[in-house]
Amino acid sequence: MMSEPILKIENLHVIYKTDESTVYAVNGVDLELFSGETLGLVGETGAGKTTTALSIMRLLPDKIGKVVHGSITLEGTDVLTATEADMRLLRGSTVSMIFQDPMTSLNPTITVGNQIGEVLYLHRPGISHADIEAGVDNILEMVGIPAGRKNDYPHQFSGGMKQRIVIAIALACEPKLLLADEPTTALDVTIQAQVLEMMNELKDKLDTSMILITHDLGVVAQTCDKVAIMYAGEIVEYGTAEDVFNGKNKHPYTKGLFGSIPDFTKKAYRLSPIEGLMPDPTDLPAGCKFHDRCPYCMDICRTQNAPAIREGSHMIRCHLMAAGGKGEAWE
Amino acid sequence: MLRYIMKRFLMMIPVILGITFIIFAIMNFTPGDPAKLILGEEATAEDVAKLRTELGLDDPFLVRFARYVINAVQGDFGTSYRNRQPVFNEIFDRFPTTFKVAFFGILIAVFIGVPIGILSAVKQYSIIDTISTIGAMLLTAMPGFFVGMLLILLFALKLNILPATGISSWKHFVLPSLAVASVTMATFIRMTRSTMLEVIRQDYVRTARAKGASESRIVFRHCLRNALLPIITVIGMNFAHQLGGTVMIEAVFAIPGLGSHMVTAVRQKDTPVVMASIIFVAVVAGLMNLLVDILYTYIDPRVKTQYTKG
């Protein structure tokens with residue numbers, strides 16, 4: 001691989017502190033992303049995926065969200081200690097984010113052309129009005145919207161087209177890193193495939209790295225080079241797509257995720273979803289966070305944090321792996 | 001758009017007609033004989049009866065109402081029982097005064113109240129926010145006439161830099177306008193603060209942050225326009241209300257405005273004047289609302305789509 005990663009996250013801990021309670025949203029995440037790579041960040045709602053992405057942008061909710069530990073290095077900039085002015089320069093140009101819901105992500109009172117043009121205006125100092133207009137036309141055509149519609153307002157577009165516009169805003173300055181937070185969740189299934197395909201094409205064309213946040217393993221299989229499975233604010237399994245999808249070992253949680261997807265090639269009467277719910281993030285259990293839902297739970301899991309076991313590019317955070325990989329229940 | 005405005009104009013007709021009917025009924029069924037009022041206490045029963053026939057007061061209620069409406073449509077609102085002048089002479093004489101006080105009062109309130117509201121929302125829970133909240137509460141708690149008297153005490157009596165009563169120069173309008181501003185400003189502060197807070201939490205504001213927009217750009221370019229709709233509604237409503245005249249403030253500053261005119265007319269049971277004043281105020285309020293609605297379409301493109309469809 002290349003020398004320096006675009007993004008390096010080390011031992012990231014993020015909390016949300018309110019008057020009543022403290023939510024431990026991210027608990028020790030390590031990530032590395034190189035130029036042109038796509039990382040799939042997979043997990044249930046509340047696993048800390050969006051929080052991790054917002055930390056990279058330093059857009060955690062004011063006064064509530066706080067990074068308590070760790071470091072984030074983006075293109076050589078230490079995100080956590082940079083000044084607000086420096087962060088503003090990074091946002092939108094070096095790193096952009098596509099948010100979950102395209103319906104509410106666009107300003108209803110500004111034309112889409114101006115919303116896209118704003119990014120160019122903010123990050124290309126001294127750019128002429130004509131150049132902004134040309135840039136807007138160009139990026140709109142790239143995401144498959146006729147440039148003639150740039151003077152329309154968001155409410156005049158369909159959901160899929162709105163998401164294309166959101167993507168256009170994110171890619172307008174050809175960022176090094178794109179954070180896509182469930183970009184297709186709010187869309188129709190038919191539109192989902194189109195939008196994903198388009199994002200992939202543009203990403204390759206602009207040589208952008210991407211973190212794709214999703215809970216859809218199918219999407220991950222289609223698009224990602226690397227996969228990180230998140231559970232209760234930790235990465236429990238990490239590796240190349242090959243490692244995670246076809247590796248000989250899996251974290252019990254990953255297994256559960258795969259068990260929750262219908263497989264039409266096998267004869268089965270029911271799906272086997274994971275029993276129970278994710279632990280309360282204000283009151284995380286001791287030991288492995290997954291232990292009370294884990295079908296292979298051992299005594300040690302209840303008391304000690306699971307160690308990260310590495311095998312080549314594949315990492316699994318599980319006591320079972322430490323105990324020799326294939327335990328009795330480990331198939 | 002033009003069709004929409006026409007439609008709104010037509011919709012005002014039944015509203016005005018309804019108001020006319022209610023006021024006419026109230027004036028009619030409350031005690032007091034206009035003929036006696038005109039002729040004075042010493043008039044003979046004969047003279048009173050003659051005048052009643054002349055004025056058509058002996059006809060049934062609905063006939064008189066119909067006659068009033070037919071005359072009014074042709075522009076004849078009758079003459080004042082008191083001074084025998086066409087009723088609108090005095091209304092038109094007084095309206096500019098009321099308009100000036102209301103306009104400058106609202107203007108001051110908007111230019112002070114809205115920025116304070118914005119600042120309060122942007123710096124939520126800060127010292128500025130706390131002070132503005134307390135200030136707004138104080139203003140709400142103090143009636144306009146009380147503020148008016150305080151202003152007179154300070155600027156007219158103590159400092160002696162502004163006149164206390166009358167309307168003969170622009171200086172005379174400063175204190176009444178300030179009094180009107182104090183009454184309405186609190187509403188503007190609270191309204192601006194709460195709608196701005198709502199808008200600041202919207203997803204598209206987060207999108208703007210993710211673009212790298214600065215905080216002031218976010219507030220003025222991305223938030224303000226979206227927050228403006230409820231704010232101008234409140235401004236329009238308050239302005240319409242002030243245009244109807246405020247009896248208290250007019251009394252404190254001895255201003256010959258619409259409010260005091262109406263109160264006098266009601267007290268004297270000068271039916272034509274009461275009717276005409278109230279219809280006038282209703283039309284002004286209706287036009288004000290229409291103006292606000294038209295403004296909506298310039299602020300929010302979604303509203304425009306809705307209207308141009310219908």
Side-chain angles (χ1 to χ4, degrees), chain A residues 50 53-54 56-63 84-112 114-124 151-156 162 165-166 168-170 172-173 175 178-179 181 186, chain B residues 1 118-130 195-233 294-310:
Chain A
T50 304
L54 287 175
I56 298 168
M57 301 282 282
R58 211 168 83 187
L59 281 178
L60 289 168
D62 214 16
K63 285 174 197 150
E84 189 53 35
D86 285 341
M87 277 318 290
R88 278 206 297 274
L89 288 179
L90 285 182
R91 287 182 204 131
S93 66
T94 306
V95 54
S96 326
M97 188 157 174
I98 297 170
F99 294 101
Q100 205 165 1
D101 190 352
M103 302 301 164
T104 55
S105 294
L106 293 171
N107 193 323
T109 57
I110 302 178
T111 62
V112 296
N114 283 342
Q115 294 193 52
I116 298 169
E118 186 178 19
V119 195
L120 297 171
Y121 169 80
L122 287 168
H123 293 292
R124 302 255 193 281
N151 292 325
D152 285 351
Y153 289 93
H155 70 274
Q156 291 161 304
K162 277 186 199 163
I165 292 160
V166 171
I169 291 173
C173 281
L178 178 64
L179 308 171
D181 188 359
Chain B
M1 193 62 208
I118 294 173
L119 207 62
S120 222
V122 174
K123 309 256 177 226
Q124 198 190 2
Y125 302 134
S126 68
I127 288 281
I128 299 168
D129 186 24
T130 314
T195 48
M196 277 301 277
L197 279 178
E198 210 173 284
V199 171
I200 283 172
R201 294 198 190 99
Q202 295 291 319
D203 284 354
Y204 53 78
V205 174
R206 193 175 55 178
T207 308
R209 286 216 168 85
K211 281 183 193 174
S214 66
E215 215 41 43
S216 65
R217 191 178 172 86
I218 285 169
V219 169
F220 291 106
R221 213 180 129 73
H222 289 273
C223 298
L224 196 55
R225 197 159 165 197
N226 284 289
L228 224 48
L229 236 51
I231 298 172
I232 62 163
T233 310
I294 293 170
L295 273 179
Y296 276 4
T297 62
Y298 286 98
I299 291 167
D300 193 333
R302 285 169 298 181
V303 179
K304 189 163 190 168
T305 324
Q306 260 173 36
Y307 286 166
T308 40
K309 255 186 239 156

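Protein chains get the first letters and strands the later ones, always in sequence-line order, with residue 1 at the start of each.
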Asker: Check whether any side-chain N or O of B/Thr207 sits under 3.5 Å from a backbone N or O of A/Ser105 as a donor-acceptor pair, and report yes or no.
Answerer: yes
Asker: Non-hydrogen atoms of chain B under 4.5 Å away: do they reach the side chain of A/Gln115, the backbone, both or neither?
Answerer: both
Asker: Could you look at B/Ala208 and say if it's the side chain, the backbone, both or neither that has a heavy atom under 4.5 Å from chain A?
Answerer: neither
Asker: Mind ranking A/Leu89, A/Thr111, A/Leu122, A/Ile98 by heavy-atom pairs under 4.5 Å with chain B and telling me who comes out on top?
Answerer: A/Leu122
Asker: So which heavy atom on A/Pro108 is nearest to which on B/Pro301, and how close?
Answerer: O-CG, 3.3 Å
Asker: Please give me the minimum heavy-atom distance between B/Ala210 and A/Met57, naming the atom from each residue.
Answerer: CB-CE, 3.5 Å
Asker: Do other residues, nucleotides or ligands put more than 12 heavy atoms under 6.0 Å from the OH atom of B/Tyr296?
Answerer: yes
Asker: Nearest 0.5 Å, what's the CZ-OG1 distance between B/Arg302 and A/Thr109?
Answerer: 7.5 Å
Asker: At what distance, to the nearest 0.5 angstrom, does CD1 of A/Ile169 lie from NZ of B/Lys211?
Answerer: 4.5 Å
Asker: Please assess A/Glu118 against B/His222 for the test side chain to side chain contact (heavy atoms under 4.5 Å, CB included), listing each intermediate value before the final yes or no.
Answerer: CA-CA 11 Å; A/Glu118 186 178 19; B/His222 289 273; 2.9 Å; yes
Asker: Is there side-chain contact between B/Arg217 and A/Arg88, with heavy atoms separated by less than 4.5 Å?
Answerer: no
Asker: Decide yes or no for B/Arg221 and A/Ile110: does some side-chain heavy atom of the first lie under 4.5 Å from some side-chain heavy atom of the second?
Answerer: yes
Asker: Quick check on the interface: out of A/Val166, A/Leu179, A/Leu106, A/Asp62, who has the most heavy-atom pairs with chain B under 4.5 Å?
Answerer: A/Leu106
Asker: Does the side chain of A/Asn107 come within less than 4.5 Å of B/Asn226's, by heavy atoms?
Answerer: yes
Asker: Under a 4.5 Å cut-off applied to non-hydrogen side-chain atoms, are A/Glu84 and B/Glu215 in contact?
Answerer: no
Asker: For chain A, which candidate among B/Arg206, B/Arg209, B/Arg225, B/Gln202 shows the most heavy-atom pairs at distances under 4.5 Å?
Answerer: B/Arg206
